Peer 1: 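Please find one structure pasted underneath; my questions will follow.
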Amino acid sequence: MTRYVIRRLLQAIPLLVAISIIVFALVELAPGDASQMYIDPEKGTDPEYLERVRTSLGLDQPVTVRYVSWLTKTLEGDLGFSFRTRRPVTLEIGDRLPNTLLLGGVSLMLSLAIAIPIGIVSALRRYTLVDYILSTLALVGISLPAFWVALLLLQVFAIQLNWLPAVGMHDVRNTYEGWAATLDVLRHMILPATVLSLAQTASWSRYQRSALLEVLGQDYIRTARAKGARERRVIGFHALRNALIPMITLIGLSVPSIVTGAFITETIFGWPGMGRLGVEAINGRDYPIIMAVTMLSALLIVTGNLLADIAYAWADPRIRYD
Amino acid sequence: MRKLLLTLILLVTLVGGVMPAAAQGDEFVCPTQGGTMVVSYGGDPRTLSGLYANDGNSLFVVTFMAEPLVLGGENWGDAIEPALAESWDISEDGLEYVFHLRQGVKWHDGTEFTAADVLFTFQAVLLEENAIDWRSNLMQGDVPMEFEVVDDYTFKVILSQPNATVLTALSIPIVPAHAFTSLNMVDAPFNTNPIATGPFKFVEWNTGESITLEANPDYWRGAPCLDRIVVRFIEGAANTANAILAGEIDYARVDGADVSPFQDNPDFVLQEASRDLMRYVGFNTRSATVGDPAVRRALAVGLDREAIIQVAGGGYGTLADSLFNKAVFVYEAGRNPQYVYDPAAAQQMLTDAGWTDSDGDGILDKDGVPMHVRIAYSGTWSLMQAVAPIVYDNWRALGVDVELAALDDSAVYEEIYDNVSTEKPYDAMLGGWGLFGPEPDHYRNYYANATAFFAYDNPEITALFEQGRSETNPDARYEIYKQIDGLLWQELPMIPIYQAVGAWAYRADLNIDAAELNGTFLTGLKYSGRVYFEQ
């Protein structure tokens, strides 16, 4: 097992280097550069000023020089400065990461808490009215675009009913302490977390349904029933435990998106997270931030997969790595 | 009797003691005191330093905090008015400007503002490594202006040649010398933690979410009525309008969104003001097809600019009648005869200029050359995407072979913004510009410069611009620019389409009358310290 983990980790190194080269090249190929952030398109500017900005950002260097300097500095733990704000990248990301983790984590929990019971009920009541209703709802949930749901919820709950706040993470008119502050963040989180978890809940409930159905057709379930186990024990102990294993992969694969944020949802609700940072960085050709966010996401996919594989071996004794 | 005298003396001293204070802090007295106004703008500022703020996000926040010596420069409104400088004298030969600085002005940290701060600011701007956009303001060709601190409250600017634009050129936000360790300020901590002299001071920046500003009780115009201003970052006009309707934002610009929920709504006020932004069709004046002013005039008459305002601009614009923005001091509505949309007249004008469809292919031609007009514009700027098809339709109907070139960002730079060659790869381009303020000299960069967008350098106009720059007599200056305005309107190196109008929505109990809604400031407010909540 240890050897397997070490091997996987070593394999990840060339992969990450390759990803960094590809992303760096893509950003380079994309039109425009960061100096554009320094002018207002409505106003225009003079080329001389743009040249000075480029020089001060180091953009006048050839791309290979910039890549090598980026790589060596990153290995030393220095992620550089944001071209847009000139603040350290670690600080920019450090400001946003907790907010995104909070929103992503809560919506993940919410998705799991709703999707698993729905999936179980659908599977156990297969081809009944309940199953059809739940399946239809899941289809609707998967099909609705997130931005549309977001705007609809905003219109109803924030503008018409005025029950929930429309933007941001904190009430800027009042400052709260202790529990009141937590409650304030929770109130702001309800709408974006709902939007984020909606599609995930819908699709995960389908996964859970089919996983349970597959398990229910297995020989060991028939054996359990044959030896006279009660139905509650057959489902709850024998079937469910095995049907939850595929969910490990799903969670493992969704870890990167929890950390790198939801671009659209965070923008609509003004949530100060990684998704918005990513959007702003891409719009502003802010290479250091783009590179950091992409590499973070690549790193998480690699580790997320690895963790899922390890968790598999732990959860399913049939799987062994040598 | 003695008692009466004593009372009189007391009264005189009292009145005498109160009067100057009231006069100094301007006449305005806040009807109510307190409250937080939540406003919104696009996203995190790039910087909070007035010297680097050049994009909307940064300028918006900076405008609440920082101040220049004189209002009226780029981004600083539409009129030259004293700010940190109380008054100024100009020497006979026009080469020396002596600024008398306001006394007793305190930086937000309590330190006194003096002429040393002004000198430090201008020196930092001149330092090339700092890459500050204002640098060209302080240069006279290759030589910088000379600066001299006469005493704590007197600052002298010495020029090598007369320059009537000095006041607007020096309209640069002043930074405090004591907040920096050196002149080099590219990465100075100040850029995210600024100290200024304006009505509001910086308190806190929650990245991605908001910036909190607090009233500066020592502000020289008088303490602001509000306690705090919070700038919340919201992307897009529709999201902004939603946030106002939901009661989370008190004041913001909402044109571009559906404004009908604010109309006839007792809870909100919707108010419009002209912005110092022009949308235009520029010409390559060296083009084989549109190089002739008569052709350009015909194309102007053949362009339905009202339709562009309504369709592309959402109605938020006023039809332009000058190649100068309205904020320019020489602008006078109605002085130039309008190019009224009239396709038949336009066709006739083109015929008179020698362009007819002689070979019957539906395209005008002259001496065997078909009238091909390639229009370059940014394909990523949604406004221009909306303007382009209207121009196409209008001109195509006249028999012009219009080619729309919607360029991606890098091509826009290559063909337009970064292009300093006199050979332009387009016949026409779509663009917008503004926030230049009242000084017409700024337009010299475009209307008297063969390497700028229009490749336009008409000796007569260029000479007039040169004269206008050095003429220090205001009346003579007005005449010069009036002449330029008339000539440009005849020559049309570009067709000004419309000047943008902004629509600001705000809570009905918020009073901004004394703050003066002014679209030439990015915040829309000339005196943000005078915004107050009605009880």
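Because the structure is a prediction, the values reported are computed rather than measured. A, B, ... follow the sequence lines: proteins, then strands. Residue 1 opens every chain. Side chains included, hydrogens not; waters and symmetry mates left out as well; all remaining heavy atoms used.
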Peer 1: Measuring only between side-chain heavy atoms, which start at C-beta, is A:Q155 closer than 4.5 Å to B:N242?
Peer 2: yes
Peer 1: Begin with the C-alpha distance, continue with both residues' side-chain angles, and end with the deciding distance and a verdict on salt bridge (Lys or Arg N to Asp or Glu O under 4.0 Å) for B:R46 and A:D286.
Peer 2: CA-CA 11 Å; B:R46 210 162 48 67; A:D286 196 343; over 6 Å; no
Peer 1: Tell me which of these, A:V167, A:L154, A:L161, A:D95, has more heavy-atom pairs under 4.5 Å with chain B than the rest.
Peer 2: A:V167
Peer 1: Taking the side chain as every heavy atom from C-beta outward, state whether A:V172 and B:V231 have any pair of such atoms under 4.5 Å apart.
Peer 2: no
Peer 1: In terms of heavy-atom proximity below 4.5 Å to chain A, should B:E414 be classed as side chain, backbone, both, or neither?
Peer 2: neither
Peer 1: Would the distance check show the side chain of B:E248 and the main-chain N or O of A:A166 forming a donor-acceptor pair, the cut-off being under 3.5 Å?
Peer 2: yes
Peer 1: Under 4.5 Å from any heavy atom of chain A, what part of B:D44 do you find: side chain, backbone, both or neither?
Peer 2: both
Peer 1: Which atoms of B:I249 are under 4.5 Å from chain A, going by heavy atoms: the side chain, the backbone, both sets, or neither?
Peer 2: backbone
Peer 1: For chain B, which of A:R87, A:M169, A:H170 has the most heavy-atom pairs under 4.5 Å?
Peer 2: A:H170
Peer 1: Where on B:L383 is there a heavy atom nearer than 4.5 Å to chain A: the side chain, the backbone, both, or neither?
Peer 2: neither
Peer 1: Highest number of heavy-atom pairs under 4.5 Å with chain A: which of B:P261, B:G208, B:G431?
Peer 2: B:G208
Peer 1: Could you check A:I159 against B:I244 for side chain to side chain contact (heavy atoms under 4.5 Å, CB included), going step by step and ending with a plain yes or no?
Peer 2: CA-CA 9 Å; A:I159 297 172; B:I244 298 181; over 6 Å; no
Peer 1: Heavy-atom cut-off 4.5 Å, strictly under: side chain, backbone, both or neither for A:R96 against chain B?
Peer 2: side chain
Peer 1: Could you tell me the separation between the CG atom of B:N239 and the CZ atom of A:F269, rounded to the nearest 0.5 Å?
Peer 2: 9.5 Å
Peer 1: Can you tell me how far the CG atom of A:L91 sits from the OG1 atom of B:T207, to the nearest 0.5 Å?
Peer 2: 8.0 Å
Peer 1: Under a 4.5 Å cutoff for heavy-atom pairs, which residue among A:G273, A:G270, A:G168 has the most contacts with chain B?
Peer 2: A:G168
Peer 1: For A:D184, check salt bridge (charged side-chain N to carboxylate O under 4.0 Å, His left out) against everything at least two apart and list the hits.
Peer 2: none
Peer 1: About how many Å separate CD1 of A:I268 and CD1 of B:I234, when rounded to the nearest 0.5 Å?
Peer 2: 12.5 Å
Peer 1: Based on non-hydrogen pairs under 4.5 Å, which of A:R276, A:E92, A:R173 is most in contact with chain B?
Peer 2: A:R173
Peer 1: Where on B:V230 is there a heavy atom nearer than 4.5 Å to chain A: the side chain, the backbone, both, or neither?
Peer 2: side chain
Peer 1: Counting heavy atoms not belonging to B:F533, are there more than 12 under 6.0 Å from its CZ?
Peer 2: yes
Peer 1: Test of understanding: with ring pair (Phe, Tyr, Trp, His ring centres under 6.0 Å), list the residues that count as partners of B:F60, not counting sequence neighbours.
Peer 2: B:Y41, B:F64
Peer 1: Answer yes or no: does atom CE of A:M109 have more than 12 heavy-atom neighbours from other residues, nucleotides or ligands under 6.0 Å?
Peer 2: no
Peer 1: I'd like to know whether CD of A:Q61 has more than 12 heavy-atom contacts from other residues, nucleotides or ligands below 6.0 angstrom.
Peer 2: yes
Peer 1: If you look at every heavy atom in A:N162 and B:A246, which pair is closest and at what distance?
Peer 2: OD1-O, 3.5 Å
Peer 1: Using heavy-atom distances under 4.5 Å, tell me whether A:Q160 contacts chain B through its side chain, its backbone, both, or neither.
Peer 2: neither
Peer 1: With chain A, which of B:A500, B:G42, B:S210, B:A131 has the greatest number of heavy-atom pairs at distances under 4.5 Å?
Peer 2: B:A131
